[in-house]
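Worksheet: the structure to be examined is printed underneath.
Along the sequence shown, residues carry numbers from 1.
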Amino acid sequence: MKQGIFPGTLITGLGVYFLARQWSVPFIGEIDALPAVLLIIGIAFLLQKNEPYALFSGIVICGIAVHYYASGNIANWPALWIVYFLSIGIGFILQYNKTKQGGLWIGAALIIVSLIALFSTNTIGIINTIVKYTEQFWAVILIVIGFYLMRRKK
């Protein structure tokens, strides 16, 4: 693997971003610094083709960057924490697709929970009650699931 791809992509991406800001290039020059830097870092991970686990990091970081940009610039974009879970779920699924090792079920579960939470704000009933109740404990639930995944035997 070429060791210069990641830092080269970061430096080139930052240079393009700052030049676009300086020249007031439409769209690129209008993006705030934080989502732009996150997107550049995500793309740098995605370009590491020989590192299958860099795909997960790249997808999650790009997803967070797109969400951060869209929540400030698109009127109907959901400004919910669950969009982060959706990005992580997509990362797990795409990593599983490339490596065929782990992540399929956790990715599918995160995507399903994310979609239910995203669309439950328009529905009335038990789903809305469950989402409101679990929102109080989602951080603890994540910690417990994370410890379980770290400690389980294969």
Side-chain angles (χ1 to χ4, degrees), residues 1-122 131-132 134-147 149-150:
M1 177 179 92
K2 292 182 180 179
Q3 296 295 324
I5 291 176
F6 187 80
T9 303
L10 286 177
I11 292 170
T12 303
L14 288 172
V16 167
Y17 171 72
F18 288 122
L19 188 62
R21 296 255 330 180
Q22 185 177 2
W23 288 352
S24 300
V25 173
F27 182 69
I28 296 174
E30 298 168 1
I31 299 175
D32 292 334
L34 181 60
V37 170
L38 286 174
L39 190 60
I40 292 167
I41 292 169
I43 291 170
F45 274 114
L46 291 174
L47 291 177
Q48 294 190 30
K49 293 181 169 81
N50 294 336
E51 294 290 328
Y53 296 104
L55 177 65
F56 175 79
S57 301
I59 293 293
V60 171
I61 293 170
C62 284
I64 291 170
V66 167
H67 172 64
Y68 186 79
Y69 173 77
S71 65
N73 295 305
I74 298 175
N76 293 329
W77 191 266
L80 300 171
W81 55 267
I82 203 69
V83 176
Y84 300 128
F85 283 179
L86 182 62
S87 178
I88 293 168
I90 292 169
F92 272 121
I93 295 290
L94 292 177
Q95 180 179 318
Y96 173 80
N97 190 37
K98 185 170 186 171
T99 64
K100 303 298 184 215
Q101 297 176 353
L104 177 64
W105 295 110
I106 188 103
L110 285 172
I111 289 173
I112 290 168
V113 167
S114 299
L115 292 176
I116 289 171
L118 281 172
F119 296 112
S120 71
T121 57
N122 296 331
V131 169
K132 284 183 180 183
T134 56
E135 278 182 342
Q136 298 173 12
F137 303 106
W138 71 271
V140 175
I141 293 168
L142 287 177
I143 292 169
V144 169
I145 292 171
F147 276 124
L149 292 173
M150 288 189 295

Show, in sequence, the C-alpha distance, side-chain angles and deciding distance for Leu86 and Ile82, and conclude whether the side chain to side chain contact (heavy atoms under 4.5 Å, CB included) test is met. CA-CA 6 Å; Leu86 182 62; Ile82 203 69; over 6 Å; no

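- Applying the side-chain contact (heavy atoms from CB on, under 4.5 Å) criterion to Ile40, with sequence neighbours excluded, gives Leu10, Leu14, Tyr17.
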Anything under 3.5 Å between a donor and an acceptor, one on a side chain of residues 57-65, the other on a protein residue two or more places apart or in another chain? List them.
none

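- In this structure, the separation between CZ on Phe6 and CG on Leu46 is 10.5 Å, given to the nearest 0.5 Å.
- Between atom CG of residue Leu47 and atom OG1 of residue Thr12 there is a gap of 10.5 Å, rounded to the nearest 0.5 Å.
- With sequence neighbours excluded, the residues that form a side-chain contact (heavy atoms from CB on, under 4.5 Å) with Ile93 are Leu104, Ala108, Ile111.
- In this view, Ile74 and Ala70, Trp77 satisfy the side-chain contact (heavy atoms from CB on, under 4.5 Å) rule, not counting sequence neighbours.
- Tyr96 carries Lys100 over the face of its six-membered ring, with the cationic atom under 6.0 Å from the centre and within 45° of the normal.
- The CD atom of Gln95 sits 7.0 Å away from atom CZ of Phe92, with the distance rounded to the nearest 0.5 Å.
- Looking at residues two or more places apart in sequence or on another chain, you find a side-chain contact (heavy atoms from CB on, under 4.5 Å) between Trp23 and Leu19, Val25.
- Rounded to the nearest 0.5 Å, atoms OH (Tyr84) and CG (Leu110) are 15.0 Å apart.
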Using the side chain to side chain contact (heavy atoms under 4.5 Å, CB included) rule, take Leu55 and Thr99 through it: C-alpha gap first, then chi angles, then the decisive distance, then the call. CA-CA 10 Å; Leu55 177 65; Thr99 64; over 6 Å; no

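- Side chain of Thr9 to main chain of Ala44: no donor-acceptor pair is present (N/O by atom type, distance under 3.5 Å, no hydrogens or angles).
- Atoms CG and OH, on Leu38 and Tyr69 in that order, are 14.5 Å from each other to the nearest 0.5 Å.
- Annotation: side chain to side chain donor-acceptor pair (under 3.5 Å) contacts of Gln101 (sequence neighbours excluded): Tyr53.
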